[in-house]
Enquirer: 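Have a look at this one before I ask anything.
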Amino acid sequence: MMRSILAAALLGAVVGSGLAGGVLVASAASPASAISIDNFTFTPQTMTVKTGTTVTWTNKDDIPHGIAATNNAFTRSKALDTDDSFSFTFTTPGTFQYFCYVHPHMTGTIVVEAATGGNASN
């Protein structure tokens with residue numbers, strides 16, 4: 001009986017470790033970062049990511065907001081209602097400023113670093 005319990009525990013540990021490793025690999029293969037829109041503010045207002053990272057903005061306000069790059073570096077979003085999201089994958093290092101095109105006083109910055117480390121600027 002004790003052997004059965006030990007064998008089950010060992011098997012569970014091995015399977016759990018394998019699943020955890022798979023989750024880590026999946027995360028590394030497709031990095032993602034989240035920005036919340038709440039109370040007319042982007043949080044965080046500045047985010048640093050590596051190239052290949054997908055950034056997702058989610059509207060938590062009860063009024064629409066829209067995301068646009070100041071230099072048209074990415075396609076602007078549709079108007080985002082409450083709980084709607086917009087995502088963009090940054091493939092080029094640089095500094096990307098964006099704003100809410102419905103409320104232009106709302107601004108934010110994404111700093112994209114080369115996947116190998118150093119910071120490059122547009």
Side-chain angles (χ1 to χ4, degrees):
M1 170 96 164
M2 186 59 122
R3 264 189 204 166
S4 297
I5 293 171
L6 288 174
L10 182 58
L11 180 62
V14 169
V15 169
S17 295
L19 290 174
V23 169
L24 291 174
V25 169
S27 294
S30 58
S33 295
I35 296 176
S36 177
I37 306 166
D38 196 11
N39 197 25
F40 292 87
T41 305
F42 295 112
T43 304
Q45 189 171 16
T46 300
M47 176 179 285
T48 301
V49 299
K50 299 289 186 188
T51 55
T53 300
T54 299
V55 175
T56 300
W57 292 261
T58 302
N59 184 9
K60 297 298 182 183
D61 269 340
D62 58 357
I63 60 165
H65 293 287
I67 310 303
T70 56
N71 64 353
N72 296 318
F74 53 85
T75 305
R76 80 189 232 174
S77 73
K78 67 175 182 71
L80 304 175
D81 286 325
T82 304
D83 294 326
D84 282 351
S85 295
F86 169 73
S87 296
F88 181 78
T89 301
F90 289 88
T91 59
T92 306
T95 300
F96 301 88
Q97 296 180 341
Y98 64 91
F99 64 100
C100 171
Y101 61 79
V102 181
H103 310 97
H105 68 279
M106 295 173 56
T107 62
T109 304
I110 306 291
V111 178
V112 182
E113 297 177 338
T116 56
N119 186 357
S121 222
N122 276 355

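Remember, predicted model here, so these are calculated numbers, not experimental data.
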Enquirer: Taking T82's backbone N and O only, do any of them form a donor-acceptor pair with D62's side chain (distance below 3.5 Å, no angle check)?
Expert: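 Flag not set: sc D62 to bb T82 has no pair under 3.5 Å.
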Enquirer: Out of curiosity, does V102 fall in the hydrophobic cluster containing F99 (side-chain heavy atoms, cut-off under 4.5 Å, transitive links)?
Expert: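 Yes.
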Enquirer: Donor-acceptor pair, T109 side chain versus T46 backbone, under 3.5 Å?
Expert: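 Pair absent, no side-chain N/O of T109 close to backbone of T46.
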Enquirer: F86 vs F74 aromatic rings, parallel, tilted or perpendicular, using cut-offs 30° and 60°?
Expert: tilted
Enquirer: Quick one, I37 and I67 - any side-chain contact, counting heavy atoms below 4.5 Å?
Expert: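 Answer yes - side chains close enough.
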Enquirer: Quick check against the 3.5 Å criterion: does T70 have a side-chain atom that pairs as donor or acceptor with the backbone of Q97?
Expert: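 It does hold such a pair.
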Enquirer: Looking at side-chain heavy atoms only, is the closest gap between D38 and D61 below 4.5 Å?
Expert: yes
Enquirer: Quick one: closest heavy-atom pair of V49 and S33, and the distance?
Expert: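 In this case the closest contact between V49 and S33 is CG1-OG, 3.6 Å.
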Enquirer: Could you check T58 against S85 for side-chain hydrogen bond (donor to acceptor under 3.5 Å, both in side chains), going step by step and ending with a plain yes or no?
Expert: CA-CA 4 Å; T58 302; S85 295; 2.9 Å; yes
Enquirer: Set out, in order, the CA-CA distance, both residues' side-chain angles and the distance that settles ring pair (Phe, Tyr, Trp, His ring centres under 6.0 Å) for F96 and F90, then state yes or no.
Expert: CA-CA 9 Å; F96 301 88; F90 289 88; 5.2 Å; yes
Enquirer: Taking all heavy atoms of M47 and all of A34, pick out the closest pair and write down the distance.
Expert: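 Looking at all heavy atoms of both residues, the shortest contact is CE-O, 3.3 Å.
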Enquirer: How far apart are the closest heavy atoms of Q45 and Y98, and which atoms are they?
Expert: O-OH, 4.1 Å
Enquirer: Any chance you could lay out the side chain to side chain contact (heavy atoms under 4.5 Å, CB included) test for K60 and N39, step after step, and finish with the verdict?
Expert: CA-CA 8 Å; K60 297 298 182 183; N39 197 25; over 6 Å; no
Enquirer: Donor-acceptor pair, Y101 side chain versus S77 backbone, under 3.5 Å?
Expert: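 At least one qualifying donor-acceptor pair exists.
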